[in-house]
Number of protein chains: 2
Amino acid sequence: MSTPRHGRTRKPPAARRAEILTAAVRIALGEGLDRITLRAVADSLDVRPGLVHHYFPAVEDLIVEAFRTAAATERSALFEATGTPLERMSRLLTSLTGPQAQAGHRLWSSARHISRSSAAMAMAVEELEELGRAQMTELIREGMGSGDFGDVDATATCVRIYMAIDGFGAYANSPLPFGHEAYEFFVADVAEWALDLARGTLRARASRGATGTTVERS
Amino acid sequence: MSTPRHGRTRKPPAARRAEILTAAVRIALGEGLDRITLRAVADSLDVRPGLVHHYFPAVEDLIVEAFRTAAATERSALFEATGTPLERMSRLLTSLTGPQAQAGHRLWSSARHISRSSAAMAMAVEELEELGRAQMTELIREGMGSGDFGDVDATATCVRIYMAIDGFGAYANSPLPFGHEAYEFFVADVAEWALDLARGTLRARASRGATGTTVERS
DNA sequence: CAACATATTGGTCACTTGGCCAATAATGGT
DNA sequence: ACCATTATTGGCCAAGTGACCAATATGTTG
């Protein structure tokens with residue numbers, strides 16, 4: 001994109017670095033973390049590979065940092081603190097199950113795959129998991145306080161919901177659409193069970209709020 | 001291994017092909033499907049890369065076939081048809097959750113990752129998933145008939161249990177040990193919920209049978 | 001035992017990857 | 001307006017990949 005010709009445009013280091021990172025994130029979200037390559041990033045910015053190496057001497061660090069920012073961005077959007085705990089949980093699970101979340105699941109799948117050969121990536125995954133658990137545990141505690149959720153072990157419930165999400169995400173690379181409603185609502189169903197909610201509480205919201213925005217009033 | 005020297009030993013094509021496939025499976029189970037490479041396989045057999053190419057002109061086919069056999073072997077061992085449905089389900093989930101199953105989870109993780117860029121692998125994954133679902137659905141139906149399990153939707157329950165297994169397997173690449181019992185018993189807990197069993201029915205068996213062999217008598 | 005079919009070798013080729021570096025040009029400070 | 005700093009380039013290298021093939025040796029067959 002932009003001018004395919006070569007006149008060199010010099011930018012302040014911080015800006016250039018951010019630009020490179022953004023390009024890497026874009027590739028990660030669109031094609032997977034393992035497609036982040038010196039040349040792929042350079043090409044997408046119409047820049048020489050050596051420049052990317054100048055800012056990220058080790059590609060692995062760029063990949064890890066791209067994952068961190070991509071994952072953090074996604075997650076921060078999920079935990080918007082508006083509405084009741086039940087609304088927030090519902091919104092969280094709905095958007096995590098929706099079709100636009102597939103890219104996110106693929107991202108995590110990529111990251112876990114890379115973790116096997118990259119200690120840095122393994123650490124990043126671990127940290128972001130822990131962060132997500134902390135946020136969700138907090139949400140669960142709020143919901144218990146407000147009476148939205150049952151009286152459960154917040155940590156255990158959080159772990160269960162996340163494992164359900166991961167189980168759902170395992171199919172993100174599958175080209176076929178889901179064949180059974182048990183697939184589609186697995187996360188909501190498990191969450192109901194783990195949160196000790198009445199059957200259908202989250203499922204109903206999930207199918208209703210599929211359009212994205214929550215329309216209820218408090 | 002064997003003789004590192006070069007005298008060429010000529011074997012019947014079928015045997016050689018099987019030998020190559022076995023070597024590929026060994027690599028897949030030990031280091032991951034993506035480590036299956038012409039040279040890696042050749043080296044492990046003390047043979048030239050060209051020979052592997054002679055039997056598998058496209059490496060991708062070797063990888064897919066290695067996954068098929070590895071996965072099929074693992075799964076067939078899981079569905080041994082001895083004991084009551086409850087015993088069989090318990091044994092299944094226990095061994096699927098045990099430490100020796102980590103290699104299997106990594107295998108599937110690899111396969112799903114490769115599925116994104118390989119239509120053949122995606123098809124293999126899909127087929128083996130369907131096979132596993134068929135076997136488990138059958139087991140669930142038997143258990144419903146014998147009264148071991150509650151009166152549930154067999155297909156939905158099967159889907160839920162497999163998604164729980166996949167959620168559990170998502171952490172197979174993580175170097176850290178599990179920190180919470182909700183992790184360890186997630187599959188058993190979900191299965192109890194999905195099968196409408198009394199709380200703890202499978203969990204108790206899981207923690208007891210952790211040694212591997214089932215010691216009960218009928 | 002000789003001849004044949006072919007399993008096996010050794011080598012080549014094109015391609016991609018990460019990494020590195022001297023030379024160059026753009027920018028900001030003086 | 002000059003100059004020093006350094007962002008940026010173009011080019012190179014080594015390693016690893018899949019694919020391919022002519023030549024060779026091996027086991028079997030007639």
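The chains referred to below are lettered A, B, ... by the order of the sequence lines, with proteins before strands, and numbering in each begins at 1.
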In whole angstroms, the gap separating C1' of D/dA19 from CD1 of B/Ile36 amounts to 18 Å
Indicate whether OP1 or OP2 belonging to D/dT8 is found under 4.0 Å from a side-chain N or O atom of A/Arg16.
yes
Check every atom of D/dT8, C/dT8, C/dA7 against the side chain of A/Leu51 and return the nucleotide holding the closest atom.
D/dT8
Figure out the CG/C1' separation between B/Asp43 and C/dT9, and round it to whole Å.
14 Å
Around atom CZ of A/Arg75, are there more than 12 heavy atoms of other residues, nucleotides or ligands at under 6.0 Å?
yes
Between the protein and nucleotides 26-30 of chain D, list every N/O to N/O distance that falls short of 3.5 Å.
residue	atom	partner	partner atom	Å
D/dT26	O2	B/Arg10	NH1	2.3

Would you call A/Glu80 and A/Arg88 a salt bridge, taking side-chain N to carboxylate O under 4.0 Å as the test?
no
Taking the basic N atoms (NZ, or NE/NH1/NH2) and the acidic carboxylate oxygens, is any pair closer than 4.0 Å for B/Glu181 and B/Arg203?
yes
CD1 of B/Ile63 versus C1' of D/dT17: gap in Å, rounded?
11 Å
Give a yes or no on whether a salt bridge exists between A/Arg112 and A/Glu129, defined as a side-chain N under 4.0 angstrom from a carboxylate O.
yes
A/Asp34 and B/His113 side chains, donor-acceptor separation under 3.5 Å:
yes
CZ of A/Arg35 versus P of C/dG18: gap in Å, rounded?
13 Å
Round to a whole Å and report the spacing from CG of B/Leu38 to P of C/dG10.
16 Å
Indicate whether OP1 or OP2 belonging to C/dT16 is found under 4.0 Å from a side-chain N or O atom of A/Thr37.
no
Is it true that A/Arg116 and B/Glu31 make a salt bridge, defined as a side-chain N closer than 4.0 Å to a carboxylate O?
no
Has the side chain of B/Arg39 got a donor or acceptor atom sitting under 3.5 Å from an opposite partner on the base of D/dG16?
no
Salt bridge or not between A/Arg17 and A/Glu65? Use side-chain N to carboxylate O under 4.0 Å.
yes
Residue-level proximity of residues 52-61 of chain B to DNA chain C when a heavy atom falls under 4.0 Å
B/His54, B/Tyr55
Across the strands shown, which category fits B/Pro12 at heavy-atom distances under 4.0 angstrom: base, sugar-phosphate, nothing?
nothing
Given D/dG11, is OP1 or OP2 found less than 4.0 Å from the side-chain N or O atoms of A/Arg48?
no
Cut-off 3.5 Å, side chains only: do B/Glu126 and A/Ser174 have a donor facing an acceptor?
yes
Is A/Arg141 salt-bridged to A/Glu138, cutoff N-O under 4.0 Å?
no
NA contact type, A/Pro13, heavy-atom cut-off 4.0 Å: base, sugar-phosphate, or nothing?
sugar-phosphate
